[in-house]
Protein chains: 2
Amino acid sequence: MQQGCVNFVFMGIKRKTKSVTTVLNIFEASHDAKSVVSLITLVKNEMNKTTVYRILDRLEQDGLIHSFNGKDGLKWYAKCNGCTSHKHFDTHPHFQCTKCDKVECLTVDISIPNIKNHNIETADILLMGQCEACCS
Amino acid sequence: MQQGCVNFVFMGIKRKTKSVTTVLNIFEASHDAKSVVSLITLVKNEMNKTTVYRILDRLEQDGLIHSFNGKDGLKWYAKCNGCTSHKHFDTHPHFQCTKCDKVECLTVDISIPNIKNHNIETADILLMGQCEACCS
DNA sequence: CTACTTTCGCAACTCAGTTGCATTAATGAT
DNA sequence: ATCATTAATGCAACTGAGTTGCGAAAGTAG
Ligand SMILES: [Mn+2]
Ligand SMILES: [Mn+2]
Ligand SMILES: [Zn+2]
Ligand SMILES: [Zn+2]
């Protein structure tokens, strides 16, 4: 018979393992985005890097976190601020600090013009500059 | 005594080699962006992949081409349409087709709002959807 | 507790991009 | 045209992010 986790009734996470809890707690603790590389380092004593990649995949499938590419092309994940699994701002812009590399989800809305003869579906927008801490 | 190429008096390209000419001709032939991977395949009988990477680096230093990351995080290069080394639209958005993967430089201007307590310097914008050929 | 099946660890792999070094070739000077 | 200088190239080895296959471990329903 088909099994399912009480908390996550979607398609990704089916069992609430210790590793899943650890990763989720990290995203709850601060809403800043995290690169996969930094996450792997952060939990290297608790789980294997393959496990990290697989958990992030499943959490994203369930809409609990979302992913995007940082300025170097590396993959980042974040639990976005105002979004829930019910009301999800599909494409919000991100900001990456050029000094400290910190990445934030932005709640601003950037309007995309129509492009002649093109059907635009989504937009990946990464703003770069100095974050609050690095501004002063 | 310091040497310098007649055509490129910047800091990147100093000698107009056969390989440099080959790569430049590809960018002249069509203004669509090219991924490094596809360029390497395209010229694999004429030069080594290391040479491709190095030539692209130098051409970008000279402002003859520009680079950005495609939707998979891979590096793409293009000779932009309206830009010259004198008048360069530093940050224009790009479009990548989700069906055929083709990438185009866009000339539209997307206005970036101010972000409180942040100093925005540049924006990487990648629009995705169907290109003209794939729309119909 | 048991049986079922998801998840994990590990090792090996893929692939984009880089580096060091010996060799080749473009260029200015003669 | 030839030479000397040094930029540019080829090659092989490497790095680092991300993936895959498989046997072992651990959630969960009953
Ligand atoms: Mn976000
Ligand atoms: Mn462009
Ligand atoms: Zn910062
Ligand atoms: Zn297309």
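Only heavy atoms go into these numbers, but all of them, side chains included; no hydrogens, no water, no symmetry mates. As the structure is a prediction and not an experimental result, all values here were calculated from the model.
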Once you round it to whole Å, what is the distance between [atom2] of [N] and [atom1] of [X]?
X: B/Arg15; N: D/dA8; atom1: CZ; atom2: P; value: 6 Å
X: A/Leu59; N: C/dT7; atom1: CG; atom2: P; value: 11 Å
X: B/Met47; N: C/dA25; atom1: CE; atom2: C1'; value: 15 Å
X: A/Asn69; N: D/dA17; atom1: CG; atom2: P; value: 14 Å
X: A/Lys75; N: D/dA17; atom1: NZ; atom2: C1'; value: 11 Å
X: A/Arg58; N: D/dG27; atom1: CZ; atom2: P; value: 13 Å
X: A/Lys16; N: D/dG27; atom1: NZ; atom2: P; value: 13 Å
X: B/Asp72; N: D/dA17; atom1: CG; atom2: C1'; value: 14 Å

Taking atom CG of A/Asn114 as the centre, does the number of heavy atoms from other residues, nucleotides or ligands within less than 6.0 Å exceed 12?
no

Do other residues, nucleotides or ligands put more than 12 heavy atoms under 6.0 Å from the CG atom of A/Asp32?
yes

Does OP1 or OP2 of C/dG9 have a side-chain N or O of A/Thr51 closer than 4.0 Å?
yes

With a cut-off of less than 4.0 Å, is there a side-chain N or O of A/Thr17 near OP1 or OP2 of D/dG27?
no

Of B/Glu46 and B/Lys49, the one whose closest nucleotide on DNA chain D sits nearer the 5' end is B/Glu46

Name the nucleic acid region contacted by [X], choosing base, sugar-phosphate or nothing; use a 4.0 angstrom heavy-atom cut-off, strictly under.
X: A/Ile40; answer: nothing
X: A/Thr50; answer: base
X: A/Arg54; answer: base

Non-hydrogen side-chain atoms of B/Lys79 and B/Leu64 separated by less than 4.5 Å:
no

Does B/Glu46 use its side chain to pair, donor to acceptor, with the backbone of B/Thr22 at less than 3.5 Å?
no

Please tell me which of B/Lys18 and B/Gly73 maps to the more 5' nucleotide of DNA chain C, matching each residue to the nucleotide holding its nearest heavy atom.
B/Gly73

What nucleotide among [options] has an atom nearest to a side-chain atom of [X]?
X: A/Val20; options: C/dG17, C/dC8, C/dC10; value: C/dC8
X: B/Ile55; options: D/dC22, D/dT19, D/dT9; value: D/dT9
X: A/Tyr53; options: D/dG21, D/dG18, C/dT6; value: D/dG18

Just one of B/Leu42, B/Leu74, B/Val52 clears the side-chain contact (heavy atoms from CB on, under 4.5 Å) bar with B/Val37, so which one?
B/Leu74

